[in-house]
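Working notes, structure below.
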Amino acid sequence: MGHPLIRLMDRLYLCAIWVAGGAITLMSLIIPWGVFSRYVLGTGSQWPEPIAILLMMVFTFIGAACAYRAGGHIAVTMLTERLPDGLQRVLAVAVDVLMGLV
C-alpha cells in the first residue's frame, strides 16, 4: 500500500488513459462516418467534423499529460545529463512545478 495521494494520482492517471483512449476510438469511428455520408450517401452530416475536433483536443491534452507522467514524452536531456546530480534533482523539481502550473 502506498500513500493515499499516490494511490489517488494512480487512479486519476488510469482514468485519464481511458478518457484519452476513448476519445481517439470515438474519433476513429466518427471520421469514416463523415466521409461515408458525404461521398457515398451524398448527404454530408454537419456534426462529425466539430465532434472529431473536440475529441482530438481531449485526446491531445489528456494524452500529453499521461505521456508526461509515464515518461514517454519527448525530452532533450543532452545538457541536463552533464550537470551534477544535485543540480539535476533541482531542475527535475523545477520542471515538475512548472508542469503543475501549466
Side-chain angles (χ1 to χ4, degrees):
M1 287 285 176
H3 191 272
L5 182 61
I6 293 174
R7 286 197 313 263
L8 175 67
M9 290 296 124
D10 287 342
R11 288 185 184 136
L12 181 62
Y13 170 69
L14 186 61
C15 181
I17 290 282
W18 277 99
V19 168
I24 199 165
T25 302
L26 285 174
M27 186 176 67
S28 299
L29 296 173
I30 288 173
I31 290 173
W33 170 254
V35 172
F36 177 79
S37 68
R38 179 174 303 238
Y39 294 108
V40 175
L41 300 178
T43 58
S45 300
Q46 299 295 321
W47 61 270
E49 185 179 359
I51 298 296
I53 290 171
L54 176 68
L55 290 170
M56 185 184 305
M57 289 188 308
V58 168
F59 168 72
T60 300
F61 289 108
I62 293 179
C66 294
Y68 177 76
R69 184 190 186 271
H73 204 276
I74 186 169
V76 180
T77 59
M78 183 177 70
L79 176 65
T80 58
E81 287 177 349
R82 300 188 194 289
L83 296 173
D85 288 337
L87 191 54
Q88 284 183 12
R89 284 191 292 271
V90 169
L91 287 176
V93 170
V95 167
D96 288 340
V97 168
L98 288 173
M99 287 301 292
L101 290 173
V102 169

* Asked: Within a radius of less than 6.0 Å around OH of Tyr13, do more than 12 heavy atoms belonging to other residues, nucleotides or ligands occur?
  ->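 Counting other residues, nucleotides and ligands, OH of Tyr13 exceeds 12 neighbours.
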Reported [atom1]-to-[atom2] distance for the pair [X] and [Y], which is rounded to 0.5 angstrom:
X     : Y     : atom1 : atom2 : result
Met57 : Ile62 : CE    : CD1   : 11.0 Å
Leu5  : Leu12 : CG    : CG    : 10.0 Å
Ile31 : Ile53 : CD1   : CD1   : 9.0 Å

* Structure fact -> Excluding Leu87, membership of its hydrophobic cluster (Ile, Leu, Val, Met, Phe, Trp, Tyr; side-chain heavy atoms within less than 4.5 Å) reads Leu83, Leu91
* Can you name the side chain to side chain donor-acceptor pair (under 3.5 Å) partners of Arg69, sequence neighbours left out? -> Asp10
* Can you name the side chain to side chain donor-acceptor pair (under 3.5 Å) partners of Glu81, sequence neighbours left out? ->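 Scan of Glu81 (side chain to side chain donor-acceptor pair (under 3.5 Å), adjacent residues dropped) gives Thr77.
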* To do: Please identify each residue that fulfils side-chain contact (heavy atoms from CB on, under 4.5 Å) with Trp33, with sequence neighbours left out.
  =>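 For Trp33, the residues satisfying side-chain contact (heavy atoms from CB on, under 4.5 Å) (neighbours in sequence not counted) are Phe36, Ser37, Leu41, Ser45, Trp47, Pro48.
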* Any pair with a residue in residues 15-24 that passes side-chain hydrogen bond (donor to acceptor under 3.5 Å, both in side chains), sequence neighbours left out, goes on the list, sorted by first then second residue, please. =>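 As it turns out, there is no side-chain hydrogen bond (donor to acceptor under 3.5 Å, both in side chains) pair with a partner in residues 15-24 once direct neighbours are skipped.
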* **Selection residues 87-102 - residue pairs positive for side-chain hydrogen bond (donor to acceptor under 3.5 Å, both in side chains), sequence neighbours left out** =>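 Qualifying pairs: Tyr68-Asp96.
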* Asked: Met27 and Pro32: which non-hydrogen atoms are nearest, and at how many Å?
  ->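 Closest pair (atom of Met27, atom of Pro32, distance): O-CD, 4.4 Å.
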* Asked: If Ile, Leu, Val, Met, Phe, Trp and Tyr residues are connected whenever their side-chain heavy atoms lie under 4.5 Å apart, and connections chain through other members, are Val93 and Met9 in the same group?
  -> no
* To do: Check the hydrophobic clustering (I, L, V, M, F, W, Y; side-chain heavy atoms under 4.5 Å; chains of links allowed) and say if Ile24 and Leu26 are grouped together.
  =>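 Same cluster.
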* Please report the C-alpha distance between Leu55 and Ile51 in whole Å, then the side-chain angles of each, then the deciding distance to 0.1 Å, and finally whether the side chain to side chain contact (heavy atoms under 4.5 Å, CB included) criterion is met. => CA-CA 6 Å; Leu55 290 170; Ile51 298 296; 4.0 Å; yes
